[in-house]
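Accompanying notes for the structure given below.
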Amino acid sequence: MHAPALVVIAHGSRDPRHAATVHALVESVRALRPGLRVETAFLEFTVPSVPAALGRLAAEGVRDVIAQPLLLSHAFHAKSDIPAVLHRARGGLRIRQAEVLGPSPLLRTALERRLAEAGVRRADRSRTGVVLAAAGSSDPAALAVIERLARDWQSTGGWQAVLPAYASASLPRTEDAVRELRSRGAERVAVAPYVLAPGFLPDRIAAGAAEAEVLAGVLGAAPEVTRLLLRRYEQALLPVPAALGA
């Protein structure tokens, strides 16, 4: 019996860097789990679409699919957009939607990896303020997750302070959080984008980091993200969630 195929569903962007980063992440998943069928699909702007990816799998005789939202929080896309498109496009497939990636300790480790790659040493942490820069959401529950992550990261990471910021829908903006950290006495300020791939909102985060000393890269295909994606796949195989269209 074949394991269910994994379909990684990203939002999509007109920015070609977005798709390139998503494909790199999916390739890292394939490398870590060579026997697993892994496909990529996008909600908009980029091909293949979710219906096209699912239709191709069904035409090849695949019957079971785990749909993995490439999202960091359980907000509108995970609650509404993705379930709706999966329901419309199921075409005889048995589809289970996996949980979003965040929150997870692995994501915090990936953030620290990106900061280290940008030149932040562990010895610098006590004098460094960090802006945890997320895309933003109008969902209070999603914002609460980011705020809790910032608090936990400050208390356990050894940073001078960690403040959340948002590129859209919510405040404060990245530049405001940079200035707030400076006013609190941070000798250095580092901006850690809590986003998976480049695009319009990550560019807004980068622009807001102009007064910071350090801007880390997006999470992308960090090893921790790869492992987390496979962990969510394995969790979705457990017999708790009901299959869509079963």
Side-chain angles (χ1 to χ4, degrees), residues 3-50 53 65-75 77-78 82 97-120 130-135 145-146 149 153 157 167 190-206 209 214-236:
L6 171 59
V7 177
V8 177
I9 302 176
H11 182 273
S13 171
R14 293 185 178 90
D15 188 329
R17 297 174 299 165
H18 177 90
T21 301
V22 172
H23 288 307
L25 174 58
V26 169
E27 284 301 323
S28 71
V29 172
R30 291 188 181 117
L32 198 60
R33 190 70 65 82
L36 178 63
R37 177 73 179 271
V38 187
E39 298 294 334
T40 310
F42 298 89
L43 287 175
E44 54 184 349
F45 302 124
T46 313
V47 294
S49 67
V50 175
V65 170
I66 302 297
Q68 174 63 62
L70 199 59
L71 301 169
L72 296 175
S73 64
H74 195 68
H77 291 308
I82 291 177
Q97 182 176 327
E99 288 296 325
V100 297
L101 297 180
S104 169
L106 283 169
L107 291 173
R108 192 175 70 181
T109 303
L111 287 165
E112 292 176 347
R113 173 188 293 276
R114 294 300 187 230
L115 285 169
E117 290 169 351
V120 179
V130 176
V131 178
L132 179 65
V145 170
I146 302 299
L149 172 58
W153 199 16
V191 174
Y194 191 60
V195 294
L196 285 163
F200 175 73
L201 294 180
D203 282 351
R204 183 178 285 179
I205 290 170
V214 175
L215 171 62
V218 299
L219 296 173
E224 296 82 6
V225 179
T226 302
R227 296 204 306 273
L228 179 57
L229 204 154
L230 283 170
R231 181 177 296 178
R232 293 289 184 256
Y233 169 83
E234 290 160 359
Q235 290 168 341

For the residue pair E39 and R30, establish whether any side-chain heavy-atom pair is separated by less than 4.5 Å. yes
So, for P202 and V195, which heavy atoms are closest and what is the spacing to 0.1 Å? CG-CG2, 3.9 Å
Atom of Q97, atom of I82 and distance for their closest heavy-atom approach: OE1-CG2, 3.7 Å
Would you mind reporting whether Y233 and V29 have side-chain heavy atoms less than 4.5 Å apart? no
Hey, could you give me the CD/CG distance between Q68 and L6, rounded to the nearest 0.5 Å? 6.5 Å
Heavy-atom nearest pair, A221 first then T226, reads O-OG1, 4.1 Å
Determine whether L149 and P103 make a side-chain contact, defined as any pair of heavy atoms from C-beta on separated by less than 4.5 Å. no
Are any of the side-chain heavy atoms of V130 and V120 separated by less than 4.5 Å? no
Measure the shortest side-chain to side-chain distance between L230 and R33 over non-hydrogen atoms and say whether it is less than 4.5 angstrom. yes
Testing L71, V22, T21, L70 for side chain to side chain contact (heavy atoms under 4.5 Å, CB included) with L196, which one passes? L70
State the CG-CG distance between L106 and L101, to the nearest 0.5 angstrom. 10.0 Å
State, yes or no, whether a side-chain contact exists between T109 and S104 at a heavy-atom distance under 4.5 Å. no
Does any part of the side chain of T40, heavy atoms only, come nearer than 4.5 Å to the side chain of T46, both counted from C-beta? no
What's the separation between atom OH in Y194 and atom CG in L72, rounded to the nearest 0.5 Å? 5.0 Å
Determine the interplanar angle of the H11 and F45 rings, folded into 0 to 90°, and report it as parallel if under 30°, tilted if 30 to 60°, perpendicular if over 60°. tilted
CD of E99 to CD of Q235, rounded to nearest 0.5 Å, is 8.0 Å
Whether E112 side chain and L107 backbone form a donor-acceptor pair below 3.5 Å: no
Here the gap from W153 atom CH2 to L111 atom CG, rounded to the nearest 0.5 Å, amounts to 4.5 Å
SB check E234 R231 (cutoff 4.0 Å): no
Between A98 and P69, which heavy-atom pair has the shortest distance, and what is it? O-CD, 3.3 Å
How far apart are the closest heavy atoms of R114 and L219, and which atoms are they? NH2-O, 2.7 Å
Taking atom CZ as the centre, does R232 end up with more than 12 heavy-atom neighbours from other residues, nucleotides or ligands that are less than 6.0 angstrom away? yes
Give every residue pair that meets the salt bridge (charged side-chain N to carboxylate O under 4.0 Å, His left out) criterion with at least one member in residues 190-204, sequence neighbours excluded. R17-D203
Taking the side chain as C-beta and beyond, is there a heavy-atom pair between V145 and S73 under 4.5 Å? no
What closest approach, in Å, do G199 and S13 show between heavy atoms, and which atom pair accounts for it? CA-OG, 4.3 Å
